[in-house]
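This report concerns only the one structure given below.
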Amino acid sequence: MSADTIHDLDALLNHMWQDYLGMNPQARAVRDLFEARGERVVNDHIALRTYSLAPVGIEALARPFLASGYQECGHYTFPAKKLRAVHFDAPGRPKVFISELLVDAMPADIQEIIADLVAQVDPATTHDFAFCTSGRPWSVDHATWRRLAEVSEYAAWVAAHGFRPNHFTVLVNALETLDSLEEVNTLLMANGFELNRAGGLIKGSPVQLLEQSSTVANVVQVQLADGPLEVPGCYYEFAQRHPDASGDLYQGFIASSADRIFESTDRR
Ligand code: NI
């Protein structure tokens with residue numbers, strides 16, 4: 001199904017999931033590993049990335065979700081990486097975590113590069129229901145991509161991939177054959193998957209009410225204006241949520257943990 005025929009949330013979420021699996025053999029292998037154990041994988045959240053420039057900021061990517069019953073829930077800032085994020089929630093649906101690079105906090109030449117990319121976007125297309133998963137709407141060459149990557153791995157990821165899911169996240173609480181994030185990590189490593197060790201294998205703690213780990217993004221090939229380039233693709237994340245004082249599972253995110261998880265798409 002092509003993105004311009006998508007007009008409802010089920011179709012959008014399905015398209016995002018298929019796009020993600022198609023681009024990331026590693027994610028498919030991880031899913032298959034769980035399903036071979038009889039698990040039905042529940043997605044905790046989907047993460048999207050963008051730049052803080054109109055018409056492609058967080059509000060543009062959030063539009064189809066807000067139009068489909070999602071509510072804006074939490075706001076997060078990542079000062080070291082010059083990012084901010086908002087998470088959106090809807091009952092019975094995966095959460096949607098949308099971050100954006102704070103472009104005006106970048107060096108002047110980076111601001112210019114990103115403004116040039118965003119100027120290639122037809123503003124009308126940002127109102128398409130599936131704009132958030134429509135891929136890369138701009139042309140970028142190797143030299144430009146390399147300059148972005150020197151300053152911000154995040155900026156380079158968005159330049160190379162455009163608008164598509166950066167990661168999906170397995171809700172560990174919903175697994176029936178594995179009781180903890182630690183057990184999930186052990187299983188993944190025993191099956192040859194490389195996990196992101198920045199900040200430790202597990203980011204967060206039961207006291208913080210959220211523990212997360214992630215694979216290291218697999219390398220994929222993208223076609224830039226002047227030829228192909230191998231870049232980090234997407235990663236798979238794993239989240240275990242813990243009950244708060246009232247006994248309800250915590251439903252938010254922890255900025256200090258996510259800060260290191262962003263590094264799952266850094267070049268190695
Ligand atoms: Ni995440």
Any idea which heavy atoms bring [X] and [Y] closest together, and the distance?
{"X": "Ile58", "Y": "Ala85", "answer": "CD1-CA, 4.2 Å"}
{"X": "Ala217", "Y": "Thr265", "answer": "CB-CG2, 4.0 Å"}
{"X": "Glu183", "Y": "Asp179", "answer": "OE1-N, 3.1 Å"}
{"X": "Pro94", "Y": "Leu13", "answer": "CD-CD1, 4.2 Å"}
{"X": "Ser134", "Y": "Phe131", "answer": "OG-O, 2.7 Å"}
{"X": "Ala105", "Y": "Lys82", "answer": "CB-CD, 3.7 Å"}

Review point. Who are the ring-ring contact (aromatic ring centres under 6.0 Å, His included) partners of Tyr236, not counting sequence neighbours?
Key: Tyr20, Phe238
Side-chain contact, heavy-atom cut-off 4.5 Å: [X] with [Y]?
{"X": "Lys81", "Y": "Glu263", "answer": "yes"}
{"X": "Leu187", "Y": "Phe34", "answer": "yes"}
{"X": "Pro64", "Y": "Asp128", "answer": "no"}
{"X": "Arg28", "Y": "Pro25", "answer": "no"}
{"X": "Leu249", "Y": "Pro243", "answer": "yes"}
{"X": "Val158", "Y": "Trp138", "answer": "yes"}
{"X": "Leu188", "Y": "Val30", "answer": "yes"}
{"X": "Leu201", "Y": "Ser213", "answer": "no"}

Within the distance-only criterion (no hydrogens, no angle test), does the side chain of [X] pair as donor or acceptor with the backbone N or O of [Y] below 3.5 angstrom?
{"X": "Asn24", "Y": "Cys234", "answer": "yes"}
{"X": "Gln18", "Y": "Met16", "answer": "no"}
{"X": "Trp145", "Y": "Val140", "answer": "no"}
{"X": "Gln240", "Y": "Leu181", "answer": "yes"}

Review point. Which side chain to side chain donor-acceptor pair (under 3.5 Å) pairs, counting each pair once, include a residue from residues 39-48, with sequence neighbours left out?
Key: Glu39-Thr177, Asp44-Arg241, His45-His167, His45-Thr169, His45-Glu237
Point to revise | side chain to side chain donor-acceptor pair (under 3.5 Å) contacts in which one or both residues fall within residues 147-156, not counting sequence neighbours | key: Ser99-Tyr154, Asp109-Arg147, Arg147-Glu150, Glu153-Arg267
Exercise for review: Would you please test Thr215 and Gln26 for side chain to side chain donor-acceptor pair (under 3.5 Å) and show each step?
Suggested key: CA-CA 9 Å; Thr215 63; Gln26 174 207 65; 3.0 Å; yes
Exercise for review: Write out all pairs satisfying salt bridge (Lys or Arg N to Asp or Glu O under 4.0 Å) with one or both partners inside residues 8-20, taking only residues at least two apart or from two chains.
Suggested key: Asp10-Arg93, Asp19-Arg164
Exercise for review: Please collect all salt bridge (Lys or Arg N to Asp or Glu O under 4.0 Å) contacts where either partner lies in residues 210-227, sequence neighbours excluded, each pair once.
Suggested key: none
Check your understanding: Salt-bridged, Glu176 to Arg37, with N to O below 4.0 Å?
Key -> no
Exercise for review: Count the heavy atoms belonging to other residues, nucleotides or ligands that lie under 6.0 Å from CD of Gln221, then report whether that count exceeds 12.
Suggested key: yes
Check your understanding: Does CD belonging to Gln208 count more than 12 external heavy atoms closer than 6.0 Å?
Key -> yes
Tell me whether the centres of the aromatic rings in [X] and [Y] are closer together than 6.0 Å.
{"X": "Phe65", "Y": "Tyr70", "result": "yes"}
{"X": "Phe253", "Y": "His87", "result": "yes"}
{"X": "Trp157", "Y": "Phe163", "result": "no"}

Review point. Given Asn196 and Ser214, is the side chain to side chain contact (heavy atoms under 4.5 Å, CB included) satisfied, shown in steps?
Key: CA-CA 6 Å; Asn196 173 8; Ser214 62; 3.5 Å; yes
First locate atom [atom1] of [X], then atom [atom2] of [Y], and finally report the distance between them rounded to the nearest 0.5 Å.
{"X": "Leu209", "Y": "His242", "atom1": "CG", "atom2": "NE2", "result": "8.0 Å"}
{"X": "Tyr235", "Y": "Asp266", "atom1": "OH", "atom2": "CG", "result": "10.0 Å"}
{"X": "Asn166", "Y": "Ile98", "atom1": "CG", "atom2": "CD1", "result": "12.0 Å"}
{"X": "Asn218", "Y": "Phe193", "atom1": "CG", "atom2": "CZ", "result": "10.0 Å"}
{"X": "Gln223", "Y": "Leu229", "atom1": "CD", "atom2": "CG", "result": "9.5 Å"}
{"X": "Leu61", "Y": "Thr50", "atom1": "CG", "atom2": "OG1", "result": "5.0 Å"}

Same cluster or not: [X] versus [Y], using hydrophobic residues (I, L, V, M, F, W, Y) connected whenever any side-chain heavy atoms lie under 4.5 Å apart?
{"X": "Val222", "Y": "Val219", "answer": "no"}
{"X": "Phe262", "Y": "Leu48", "answer": "yes"}
{"X": "Leu195", "Y": "Leu175", "answer": "yes"}
{"X": "Leu66", "Y": "Val86", "answer": "yes"}
{"X": "Leu53", "Y": "Val151", "answer": "yes"}

Practice item. Step by step, work out the side chain to side chain donor-acceptor pair (under 3.5 Å) result for Thr125 and Asp122. Key: CA-CA 6 Å; Thr125 62; Asp122 173 357; 5.3 Å; no
Check your understanding: Should His161 and Arg136 be marked as a side chain to side chain contact (heavy atoms under 4.5 Å, CB included) after you check the CA-CA gap, both sets of side-chain angles, and the distance that decides it?
Key -> CA-CA 5 Å; His161 298 294; Arg136 189 182 64 217; over 6 Å; no
Point to revise | Worked verdict on Asp89 versus Gln71 for side chain to side chain contact (heavy atoms under 4.5 Å, CB included) | key: CA-CA 5 Å; Asp89 216 336; Gln71 305 278 337; 5.5 Å; no
Review point. Can you say whether the rings of Phe97 and Tyr76 are parallel (under 30°), tilted (30 to 60°) or perpendicular (over 60°)?
Key: tilted
Exercise for review: In sequence, state the C-alpha distance, the side-chain angles, and the governing distance for Arg49 and Glu100, and then conclude on salt bridge (charged side-chain N to carboxylate O under 4.0 Å, His left out).
Suggested key: CA-CA 6 Å; Arg49 293 178 169 189; Glu100 65 183 14; over 6 Å; no
Considering only distance and modelled atom types, tabulate donor-acceptor pairs under 3.5 Å from the side chains of residues 111-121, sequence neighbours left out.
unit_1 : atom_1 : unit_2 : atom_2 : d
Gln111 : NE2    : Asp104 : O      : 3.3
Gln111 : NE2    : Met106 : O      : 2.8
Gln120 : OE1    : Ser139 : N      : 2.7
Gln120 : NE2    : Ser139 : O      : 3.3

Practice item. Run the numbers on Met23 and Val220 for side chain to side chain contact (heavy atoms under 4.5 Å, CB included), then give the verdict. Key: CA-CA 8 Å; Met23 180 172 149; Val220 300; 4.1 Å; yes
